[in-house]
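Shown next, in structure tokens, is the structure this report addresses.
As the structure is a computational prediction, the values presented were derived from the model and not from experiment. As the structure lists them, so they are numbered: ligands from 1, and atoms in each ligand from 1.
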Amino acid sequence: MLGDIMYQMQLEVKNQEQTKSVGQKLGSTLSGGEVIELIGDVGAGKTTFVKGLAVGLGIDEDVQSPSFTISRVYDTRGGLTLAHYDFYRLSDAGIMRDELSEAISDPTTVTVIEWADIVEGVLPADRITIKFEATSEDERTLTINGAGGVL
Ligand code: ADP
Ligand code: MG
């Protein structure tokens, strides 16, 4: 019965450093196999969040937006992979759908997706979703579902 209860939390962040900090904290709890969907307008802070997530996962490289390349992949110091997707520019996922499915089913990969609407059918129900809403130029409300109590 308790399994039906959704754990949702809302965080108010005041600047991009705090957005990165939340990402870093979540990243430090991940062990591979997680799927994270990031929802929000252009400039809401999704990619900024992934920069922090990567630090928490133990990635030395700087995360760059995958909006032109669709996907970018990074290795962690601990032997995991971060697969970061952005489907904003695609009207049809095509073969990217297969690449995404592979990432999702790999237990050593953490998969993060921006603009996941066109691949909705591929995403597992037990993913983490984070919604980003700008409340001022530098403030954001983050609404997090599926992360349990880790934040
Ligand atoms: P998205 O991936 O959602 O399109 P980005 O992370 O690429 O957004 O860009 C967010 C922009 O907003 C950056 O220029 C960043 O400096 C700015 N920004 C201002 N305040 C915040 C905040 N609290 N969190 C994240 N980004 C912020
Ligand atoms: Mg982005």
Below 4.0 angstrom, counting only protein heavy atoms, does anything approach atom 14 (O) of ligand 1?
no
Atom pair CZ/OG1 of Phe132 and Thr143 - distance to nearest 0.5 Å
10.0 Å
Closer than 2.8 Å to the Mg ion (ligand 2): does that hold for any N, O or S atom in Thr48?
no
For ligand 1, is any non-hydrogen atom under 4.0 Å from Asp86's backbone (N, CA, C, O), its side chain (CB onward), both, or neither?
neither
Any side-chain heavy-atom pair from [X] and [Y] closer than 4.5 angstrom?
{"X": "Phe87", "Y": "Asp117", "value": "no"}
{"X": "Leu90", "Y": "Trp115", "value": "no"}
{"X": "Leu26", "Y": "Ile130", "value": "yes"}
{"X": "Asp106", "Y": "Thr81", "value": "no"}
{"X": "Ile36", "Y": "Leu30", "value": "yes"}
{"X": "Lys20", "Y": "Thr48", "value": "yes"}

Which ligand 1 atoms does Asn15 reach within 4.0 Å, using its non-hydrogen atoms?
22 (C), 23 (N)
Could you tell me whether the side chain of Lys25 and the main chain of Leu151 form a donor-acceptor pair under 3.5 Å?
no
Treating Lys46 as the side-chain partner and Gly40 as the backbone partner, does any N or O pair qualify as donor plus acceptor under 3.5 Å?
yes
List the closest protein heavy-atom neighbour of [atom]: residue, atom name, distance to the nearest 0.1 Å.
{"atom": "atom 6 (O) of ligand 1", "value": "Thr48 OG1, 2.6 Å"}
{"atom": "atom 18 (N) of ligand 1", "value": "Arg140 NH2, 3.3 Å"}
{"atom": "atom 8 (O) of ligand 1", "value": "Gly45 N, 3.2 Å"}
{"atom": "atom 7 (O) of ligand 1", "value": "Thr47 CB, 3.7 Å"}
{"atom": "atom 23 (N) of ligand 1", "value": "Asp138 O, 2.8 Å"}
{"atom": "atom 16 (O) of ligand 1", "value": "Gln16 OE1, 2.9 Å"}
{"atom": "atom 24 (N) of ligand 1", "value": "Thr19 OG1, 2.6 Å"}
{"atom": "atom 11 (C) of ligand 1", "value": "Gly43 O, 3.8 Å"}

Polar atom proximity, [X] to ligand 1 (N or O, under 3.5 Å):
{"X": "Ala44", "result": "yes"}
{"X": "Glu139", "result": "no"}
{"X": "Lys46", "result": "yes"}

Within a 6.0 Å radius of atom CD on Glu120, are there more than 12 heavy atoms belonging to other residues, nucleotides or ligands?
yes
When Leu82 is tested against each of Val50, Val73, Asp75, Thr111 for side-chain contact (heavy atoms from CB on, under 4.5 Å), which residue passes?
Val50
Any atom of ligand 1 sitting under 4.0 Å from a heavy atom of Glu137?
yes
Residue-ligand contact Asp41/ligand 1, heavy atom below 4.0 Å:
yes
Name of the Glu114 N, O or S atom nearest the Mg ion (ligand 2)?
OE1
